[in-house]
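Presented below is the structure to which this report refers.
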Amino acid sequence: MSNYRFGKWFGLLMVCAVAFATPVASHAAATVEEVEVGGVPMLKVANPAVELLVAPTRGGQVVSAVLKSGGVQFGNTGAVTAGLFSDHDSKQPHPGELMGKAYRHAVEMLADGSAKVAMAVVAEGGWRNESAPTLRGLKFEREIVLPAAPPRIDFRCRVTNTSTEPRLLDYWLQSVARIGDVGEENHYFRPTSNGISVSSTLDRSSARSFVKDIGGGWCAVVNRARRVAAFHTFDIDALGRVYNCEPAATQEFMYQTIPLPPGSSWETRLSLRVVEGVASPVFANAVLAAGAEIEFAADRYTIRHQLAAMDKPLRNWRLSTSVTDLLTQQTVQGAVVTGERIGHERAEVEVPMELAAGGTRVVTVTLEHEAGVEVYEFPFTAFGDFSPPYARNVTRRPPTLPKPDDLEALWRVARAGESAGVLVVGDSVAVQVGAATRDPVDGVFPSRMSSCFATMSSSLPTGTPRPCAILAWRC
């Protein structure tokens, strides 16, 4: 990490603040300048793709994040009370002392053309009439880095115990993660050990949803009408849960309690990457952001992979696609596609596949490139009128089979509901009935389940029609 001195930069910024919009630092690709919005001093940080407003006096939050190509907000809507990357400690009532504190700040232009805003504050451990002694003396140091070219924001928070007593940190990172204007529907995608959990800002029944068993170091916010997705990739070490308050359009990360002896530190990192042209995200890591869509014809379908580099372009790539039928365990290999470069803008790769009879299937994608290999999966259901590419992602837990008498009762319920042979099993042995060709159940699609299906089928009473698919399975 580059060294910098808060005092030197802070004094320079105060001198520059005499002007309304005086450049603080600049580069051919990234710029930083001081501005004032609603009477609040801010830093405008921009590259050719995005423009940010950072408010050091309001908790160091990014109170506005705009995609320049379409003028689309992907953070807050320009208010100065909330935004991206807000510090909080759950020992204090929300919003706590940190979101409103003035952080001292410094600006640094890095050698690669990125712009870095570094901020710091020491917690006092008091908020309104609440006291949190174990928070007192914790120093919060934040870095917000905007790279020279891609629409990505890198965030880092380091917390150090500057006191002489042991302290406890209950870090809570909150962002107002809305794409588009207030009122536009957004969807939140969060991988879990049982698949991808999806919720909507317009669905009040899923409000304030928690994901305690985060299944990977990514999640995504999507405005499907605008076809814009914001992928978050993050450290999962010490992460307790991911939380979305859908009506308030938040993306929040709650960490486990971290003991901090005197002088010790803890840190976490997160990147936010915006990709245009994606409505169905299926995977992300530090290298790749991926979406997928499937278009069906009479006797075939086409998988459209949507790929974008998170950081450096992926060169001399080779993409392999296979589709496995979970009932028969038959795998069909699609054509291998190669190319020279996947860059910061979305690249679409089409893979035609032959359509065959079957039920739930899993698509496995392998992307080889000069720097490594990325492998990911997503399922879809192949019945007459097709479901979206997935409802949730592939489960990683071995399923637990219900008892034969439970299967018989479930099958009677399914038959009575004229569900066209769709059997849906839950962890409490409950069934949801839906027309197989119209409304596939939004559930968990297990991977490699032929043996489980055979066991279930053999457990059914003699003469019972074979279920045509298992549409949901909760482990």
Side-chain angles (χ1 to χ4, degrees), residues 29-31 44-54 61-78 82-86 113-115 117 144-156 173-182 184-191 201 217-234 242 244 249-253 269-293 305-314 342-348:
T31 60
K44 181 189 290 185
V45 187
N47 68 15
V50 300
E51 181 177 287
L52 313 177
L53 287 176
V54 182
Q61 304 171 78
V62 178
V63 299
S64 176
V66 178
L67 194 62
K68 287 184 175 181
S69 60
V72 180
Q73 274 278 354
F74 61 91
N76 198 10
T77 54
L84 295 170
F85 315 130
S86 301
S114 300
V117 179
I144 293 173
V145 177
L146 185 66
R152 191 185 80 240
I153 310 170
D154 296 328
F155 172 82
R156 171 180 173 270
L173 179 64
Q174 175 183 291
S175 290
V176 176
R178 177 190 294 112
I179 299 175
D181 299 327
V182 175
E184 293 186 38
E185 184 176 20
N186 279 210
H187 287 83
Y188 296 92
F189 295 76
R190 300 143 310 182
T201 54
W218 73 276
C219 60
V221 184
V222 183
N223 186 317
R224 285 178 163 173
R226 294 181 182 264
R227 296 183 65 81
V228 176
F231 292 84
H232 299 246
T233 58
F234 45 86
V242 174
N244 294 96
T250 66
Q251 178 69 69
E252 310 185 33
F253 302 92
R269 297 173 183 265
L270 180 146
S271 291
L272 191 160
R273 172 72 160 89
V274 181
V275 181
E276 296 183 85
V278 173
S280 298
V282 294
F283 175 77
N285 62 9
V287 175
L288 176 71
E293 294 181 59
H305 299 285
Q306 298 153 351
L307 310 170
M310 286 289 285
D311 186 11
K312 297 179 180 179
L314 309 181
I342 295 174
H344 297 144
E345 295 185 357
R346 175 191 61 90
E348 189 162 280

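We number each residue from 1, following the sequence as shown.
Here CG of Leu288 is found 6.0 Å from CZ of Phe283. Values are rounded to the nearest 0.5 Å. Note that CD of Gln306 and CZ of Arg227 are 5.5 Å apart. Values are rounded to the nearest 0.5 Å. Annotation: the span from Asn244 atom CG to Phe189 atom CZ amounts to 11.5 Å, rounded to 0.5 Å. Between the CG atom of Leu272 and the CZ atom of Phe234 there is a distance of 11.5 Å, given to the nearest 0.5 Å. Summarising the geometry, atom CD belonging to Glu276 is positioned 9.5 Å from atom CZ belonging to Arg346; distances are rounded to the nearest 0.5 Å. Rounding to the nearest 0.5 Å places CG of Leu173 at 9.5 Å from CD of Gln251.
When side chains are defined from C-beta on, Leu84 does not count as touching Phe155, because their heavy atoms never get closer than 4.5 Å. At a threshold of 4.5 Å between non-hydrogen side-chain atoms, the residues Phe85 and Ile153 count as touching.
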(message) Walk me through whether Ile144 and Val45 qualify under side-chain contact (heavy atoms from CB on, under 4.5 Å).
(response) CA-CA 10 Å; Ile144 293 173; Val45 187; over 6 Å; no

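Checked by atom type and distance alone, the side chain of Ser64 never pairs as donor or acceptor with a backbone atom of Leu53 at under 3.5 Å. Judged by distance alone, the side chain of Arg152 and the main-chain N or O of Met310 form a donor-acceptor pair under 3.5 Å. At distances below 3.5 Å, not a single donor-acceptor pair connects side-chain atoms of Ser271 with backbone N or O atoms of Asp154. Under a 3.5 Å cut-off, the side chain of Asn47 and the backbone N or O of Pro150 do form a donor-acceptor pair. Counting only distance, with no hydrogens or angles, the side chain of Arg273 and the backbone of Ala309 share a donor-acceptor pair below 3.5 Å. A donor-acceptor contact shorter than 3.5 Å links the side chain of His344 to the backbone of Asp311.
A donor-acceptor contact closer than 3.5 angstrom links the side chains of Gln61 and Ser86.
The neighbour count for Glu348 CD, taken as heavy atoms of other residues, nucleotides or ligands under 6.0 Å away, is above 12. In this structure, Lys312 places its NZ atom where only 12 or fewer heavy-atom neighbours from other residues, nucleotides or ligands lie under 6.0 Å away.
Considering all non-hydrogen atoms of both residues, Tyr188 and Ala249 come closest at OH-CA, 3.1 Å. The minimum heavy-atom distance linking Ser114 with Pro147 is given by the pair OG-CA, 3.3 Å. Residues Val66 and Gln73 come closest through the heavy atom pair CG2-NE2, 3.6 Å. Heavy atoms only, all atoms of each residue included: Glu185 and Thr201 are closest at CA-OG1, 3.5 Å. Shortest non-hydrogen contact noted between Ala230 and Ile179 is N-CD1, 3.7 Å. A pairwise comparison of heavy atoms in Asn186 and Asn223 identifies ND2-ND2, 3.7 Å as the closest pair.
Below 30°, between 30° and 60°, or above 60°: for His232 and Phe253 the angle between ring planes is between 30° and 60°, a tilted geometry.
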